**Q** 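Have a look at this one.
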Amino acid sequence: MTARRRTAILISGRGSNMAALLEAAANPEFPAEVVLVLSNKPGAGGLARAAEADVPTQVIDHRGFATRADFDTAVDEVLEAAGIELVVLAGFMRLLTPAFVEKWLGRMVNIHPSLLPSFKGVHVHEQALQAGVRFSGCTVHFVTADMDAGPIIGQAVVPVVPGDTADTLAARTLGAEHRLYPAAVGLVASGQARLEDGHTVYDGDAWTAVTLS
Ligand code: GRF
């Protein structure tokens with residue numbers, strides 16, 4: 001077996017996607033090994049869940065830094081010290097500076113709870129309901145300097161049901177996220193999906209693992 005990619009998961013909150021990834025990575029065959037969970041929020045619920053799974057955690061409180069660049073430098077130092085090869089954003093609610101993004105380009109992924117390029121940013125499910133779409137979903141993408149606009153790695157579709165509220169749509173979407181994210185991180189960690197010339201390319205039919213309906 002080839003070496004597993006040393007992976008850090010960055011969170012700001014409850015960490016349910018992180019938990020799905022930790023579960024997948026508990027299998028030694030999974031190509032990503034989660035060696036660090038890093039939060040910018042001291043109280044993030046995901047920290048306790050990571051500790052329960054015996055994954056090292058670290059808090060870098062963004063409020064302790066004068067600028068975004070200073071915060072990103074501190075994060076980068078921690079990632080380098082841990083020998084991180086792949087950065088997985090999972091509900092990480094900080095915008096990263098272009099320099100940091102450029103450095104990790106092709107080695108940093110994010111999940112967003114809509115079918116991008118629709119409904120970027122926040123209040124995503126409200127945006128989807130307001131637009132009246134019949135399908136929503138989630139997207140895993142490489143992180144680039146433009147928020148929620150990097151090359152798409154995979155998507156999962158969920159129906160929008162009459163009577164949905166932002167909460168019910170979020171819950172249904174979250175279930176899809178928990179299936180999609182481990183599949184997508186697995187492909188990127190194994191090199192079966194990668195960033196080339198601004199586009200995602202796949203080995204063979206690997207894309208089918210991250211095209212979910
Ligand atoms: C998820 O919906 C994710 O798509 C978005 O933030 C939420 C994080 O949830 N980026 P969790 O912390 O993984 O439970």
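Order of listing sets the numbers, starting from 1, for every ligand and every atom in it. Only this structure's heavy atoms are used, side chains among them; waters, hydrogens and symmetry mates stay out. Computed from a predicted structure; not experimentally measured.
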**Q** Do Val210 and Val140 have side chains that get closer than 4.5 Å, going by heavy atoms?
**A**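 SC-SC contact between Val210 and Val140 ruled out.
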**Q** With rounding to the nearest 0.5 angstrom, report the CZ to CG distance, Arg49 to Leu47.
**A**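 One gets 11.5 Å once the value is rounded to the nearest 0.5 Å.
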**Q** Counting only N and O atoms by type, is there a donor-acceptor contact under 3.5 Å from the side chain of Asp148 to the main-chain atoms of Gly121?
**A**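 Yes, Asp148 side chain to Gly121 backbone: donor-acceptor pair under 3.5 Å.
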**Q** Regarding ligand 1, does Ser16 bring an N or O atom to under 3.5 Å of one of the ligand's N or O atoms?
**A**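 Right, the criterion is met.
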**Q** Using heavy-atom distances, let me know which of Gly91, Gly15, Ala176 sits nearest atom 12 (O) of ligand 1.
**A**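 Selected option, by shortest heavy-atom distance: Gly15.
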**Q** Who's the nearest protein heavy-atom neighbour of atom 10 (N) of ligand 1, and how far?
**A**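 Scanning the protein heavy atoms, the shortest distance from atom 10 (N) of ligand 1 goes to Ile111 O, 3.1 Å.
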**Q** Could you check which of His178, Glu177, Met18 puts a non-hydrogen atom nearest to atom 2 (O) of ligand 1?
**A**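 Heavy atom nearest to atom 2 (O) of ligand 1 belongs to Glu177.
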**Q** Hey, are Ser16 and His178 close enough side-chain-wise for a donor-acceptor pair under 3.5 Å?
**A**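 Note: His178 and Ser16 side chains meet the donor-acceptor criterion.
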**Q** Which residue and non-hydrogen atom of the protein lie closest to atom 9 (O) of ligand 1, and at what distance in Å?
**A**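 Nearest protein contact, heavy atoms only, for atom 9 (O) of ligand 1 is Arg14 NH2, 3.3 Å.
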**Q** Main chain of Thr97, side chain of Glu102: is a donor-acceptor contact present, judged purely on distance under 3.5 Å?
**A**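 No, the answer is negative, given that no donor and acceptor are paired below the 3.5 Å cut-off.
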